Amino acid sequence: MPKTKLARPPYDPELVPALTVLAETIPATITPDLIETIRARSAAGQAAAQEDLSRGGSIELEERTVPGPDGAPDISLLIGRPAGLSTPVAGIYHTHGGGMIVGDNRTLVGDLLDWALEFGAVVVSVEYRLAPEHPDPAPIEDCYAGLVWTAEHAIELGIDPERLLIAGTSAGGGLAAGTALMARDRGGPALFGQLLMQPMLDDRMRTHSSLMLDGEATWDSTSNRTGWTALLGDRRGGPDVSVYAAPGRATDLSGLPPAFIDIGSVDTFRDEAVAYAGGIWQAGGSAELHVWPGGYHGFNVLAPQAALSKATHLARTDWLRRTLGA
């Protein structure tokens with residue numbers, strides 16, 4: 001019998017042209033054999049963009065190599081601070097996106113550096129080891145090690161240690177959530193907030209949204225399976241996966257910092273993001289949730305001038321402003 005196609009919400013019409021352009025360079029479905037191709041195209045795209053992360057000299061950038069987890073290689077941190085800072089300010093610790101299989105500490109860091117300028121904050125972006133070469137727990141342990149180092153050296157970096165929050169998009173959103181859980185459970189750095197943008201949270205793929213996209217939009221069900229399998233191997237979907245690797249599995253979401261969570265209604269991660277916000281509320285915590293109607297995964301990056309993308313950026317900025325008291 002033919003496979004029944006699950007219903008999905010309609011796309012925001014203003015976002016559709018970007019999907020057509022994207023399809024000319026990157027397939028909607030990413031399989032394991034395409035990982036190296038995706039990495040090469042991602043690297044070429046970043047080089048071609050030649051984005052001025054220093055914002056014309058307004059941001060002082062520094063790459064620093066710091067100790068990784070016990071027995072593991074050192075990790076690289078990209079540190080960006082507004083020029084001329086003289087007193088400790090808020091810190092934003094960034095875990096980049098890329099489906100667990102692609103990206104580096106400069107991936108999608110531009111908005112964070114703009115926020116650093118707007119609010120007078122220091123950004124620290126971690127370059128964690130990628131799957132499948134480095135499966136779980138390597139990525140999450142790298143992210144946690146970088147956070148611990150950042151907190152221990154906060155004053156040196158110009159960061160107020162009591163105003164350190166974590167932020168990440170997609171896989172980085174999942175890693176940010178996992179790092180916050182790890183910090184809670186290990187008695188690690190006390191985080192001031194967590195900004196989880198379109199987060200990748202649950203490897204089990206049991207929800208409607210995790211199965212509704214097949215060969216369309218961005219990061220469809222097969223792509224999601226590819227990313228999670230790269231990270232977890234044969235453990236994906238089974239009983240032996242930690243909540244740090246897949247925070248959507250966590251049954252205790254108490255004691256976490258206030259969260260901002262957003263997701264598109266046509267995103268593979270929609271249902272797990274909504275459930276995560278619900279779990280925080282049920283545990284008595286604070287979470288602000290936005291579900292953007294007609295948004296697919298990464299819509300705000302692919303179509304930044306669309307009205308929905310602008311609304312998304314404004315909501316994130318407003319939450320940061322209120323959280324930081326800026």
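Everything numeric here is computed off the predicted structure, so don't read it as measured data.
Across every non-hydrogen atom of Leu53 and Leu113, the tightest pair is O-CD1, 3.4 Å. When all heavy atoms of Met212 and Ala7 are compared, the pair lying nearest together is CB-O, 3.8 Å. Between Ser254 and Ala283, the shortest heavy-atom contact is N-CB, 3.6 Å. Of all heavy-atom pairs spanning Leu85 and Val89, the tightest one is CD1-CG2, 3.8 Å. Counting all heavy atoms, side chain and backbone alike, Ala177 lies closest to Leu201 at CB-CD2, 3.9 Å. Between Leu213 and Asp220, the shortest heavy-atom distance links the atoms O-CB, 3.3 Å.
Here the side chain of Tyr276 pairs no donor or acceptor atom with the backbone of Leu253 at under 3.5 angstrom. With hydrogens and angles disregarded, no donor-acceptor distance shorter than 3.5 Å links the side chain of Asp160 to the backbone of Ala90. At distances below 3.5 Å, not a single donor-acceptor pair connects side-chain atoms of Arg8 with backbone N or O atoms of Asp267. Side-chain atoms of Ser309 come within 3.5 Å of backbone atoms of Ala303 as a donor-acceptor pair (strictly under, hydrogens ignored). Using modelled atom types, one side-chain atom of Thr150 and one backbone atom of Gly146 make a donor-acceptor pair closer than 3.5 Å. Under a 3.5 Å cut-off, the side chain of Ser223 and the backbone N or O of Ala28 do form a donor-acceptor pair. Formation of a donor-acceptor pair under 3.5 Å by the Thr229 side chain with backbone atoms of Thr226 is not found in this model.
Checked against salt bridge (Lys or Arg N to Asp or Glu O under 4.0 Å), Asp185 has no partners two or more places apart in sequence or in another chain. Residues passing the salt bridge (Lys or Arg N to Asp or Glu O under 4.0 Å) test with Arg270: none are found, sequence neighbours excluded.
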Next item on the list: Show your working on salt bridge (Lys or Arg N to Asp or Glu O under 4.0 Å) between Arg55 and Glu118 and close with a plain yes or no.
Entry: CA-CA 12 Å; Arg55 299 301 189 255; Glu118 183 170 353; over 6 Å; no
Next item on the list: Decide side-chain contact (heavy atoms from CB on, under 4.5 Å) for Leu165 and Leu191; before the verdict, give the C-alpha distance in whole Å, the side-chain angles of both, and the deciding distance to 0.1 Å.
Entry: CA-CA 5 Å; Leu165 60 84; Leu191 291 167; 5.6 Å; no
Margin query: Quick one, Arg249 with Asp203, criterion side-chain contact (heavy atoms from CB on, under 4.5 Å). Give me CA distance, side-chain angles, the key distance, then yes/no.
Written below: CA-CA 8 Å; Arg249 289 173 171 260; Asp203 66 294; 2.7 Å; yes
Margin query: I'd like to know whether Leu130 forms a side-chain contact (heavy atoms from CB on, under 4.5 Å) with Arg39, so could you lay out the CA-CA distance, the side-chain angles of the two residues, the decisive distance to 0.1 Å, and finally the verdict.
Written below: CA-CA 11 Å; Leu130 298 175; Arg39 286 177 178 174; 4.0 Å; yes
Next item on the list: Carefully, step by step, assess Phe119 and Thr323 under the rule side-chain contact (heavy atoms from CB on, under 4.5 Å).
Entry: CA-CA 11 Å; Phe119 300 127; Thr323 300; over 6 Å; no
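Each of Ile140, Leu147, Val148 was checked for a side chain to side chain contact (heavy atoms under 4.5 Å, CB included) with Met182, and the lone residue meeting it is Ile140. When Lys310, His313, Gln198 are each tested for a side chain to side chain donor-acceptor pair (under 3.5 Å) with Asn300, only one passes: Gln198. Of the options Ser265, Ser209, Pro293, a side chain to side chain contact (heavy atoms under 4.5 Å, CB included) to Pro9 is made by Ser265 and by none of the others.
Taking hydrophobic clusters as Ile, Leu, Val, Met, Phe, Trp and Tyr residues chained together by side-chain heavy-atom distances below 4.5 Å, Trp228 shares a cluster with Leu181. Under the 4.5 Å side-chain heavy-atom criterion for Ile, Leu, Val, Met, Phe, Trp and Tyr, Ile159 and Leu324 are members of distinct hydrophobic clusters. Residues Ile75 and Val122 fall within the same hydrophobic cluster, defined by Ile, Leu, Val, Met, Phe, Trp and Tyr side chains chained together at heavy-atom separations under 4.5 Å. Linking ILVMFWY side-chain heavy atoms closer than 4.5 Å, directly or via other members, places Leu108 and Ile38 in two distinct hydrophobic clusters. Under a hydrophobic clustering in which Ile, Leu, Val, Met, Phe, Trp and Tyr are joined whenever their side-chain heavy atoms come within less than 4.5 Å, directly or via other members, Phe269 and Val243 fall into the same cluster.
The ring-ring contact (aromatic ring centres under 6.0 Å, His included) pairs that include a residue from residues 71-110 are His96-Tyr128, where partners are two or more places apart or lie in different chains.
Summarising the geometry, atom OH belonging to Tyr11 is positioned 3.5 Å from atom CD belonging to Glu216; distances are rounded to the nearest 0.5 Å. Note that the CD1 atom of Ile35 and the CE atom of Met100 stand 13.0 Å from one another [nearest 0.5 Å]. In this structure, CG in Asp12 is found 5.0 Å from CG in Leu308, a value given to the nearest 0.5 Å. Rounding to the nearest 0.5 Å places NE2 of His134 at 14.0 Å from CD1 of Ile101. To the nearest 0.5 angstrom, Leu175 atom CG is 14.0 Å from Tyr244 atom OH. Note that CD of Gln194 and CD1 of Ile280 are 5.0 Å apart. Values are rounded to the nearest 0.5 Å.
Ring geometry for Trp292 versus His290: interplanar angle under 30°, hence parallel rather than tilted (30 to 60°). Note on ring orientation: taking the six-membered ring where Trp is involved, the planes of Trp319 and Phe260 are tilted (angle from 30° to 60°).
The residues Arg106 and Asp104 are annotated as not salt-bridged, no charged nitrogen and carboxylate oxygen being separated by less than 4.0 angstrom. Salt bridge absent: Asp240 and Arg235 never bring a charged side-chain N and a carboxylate O closer than 4.0 Å. Between Arg204 and Glu272 there is no salt bridge, since none of the side-chain N atoms of the basic residue sits less than 4.0 Å from a carboxylate O of the acidic one. Salt bridge annotation for Asp262-Arg316: present, with a cationic side-chain nitrogen under 4.0 angstrom from a carboxylate oxygen.
Side-chain polar atoms of Ser76 and Glu63 form a donor-acceptor pair below 3.5 angstrom. Inspection of the Thr31 and Asp33 side chains reveals an N or O donor paired with an N or O acceptor under 3.5 Å. Using modelled atom types, one finds no donor on one side chain facing an acceptor on the other under 3.5 Å when comparing Asn224 with Ser221. Side chains of His297 and Ser170: a donor on one and an acceptor on the other come within 3.5 Å.
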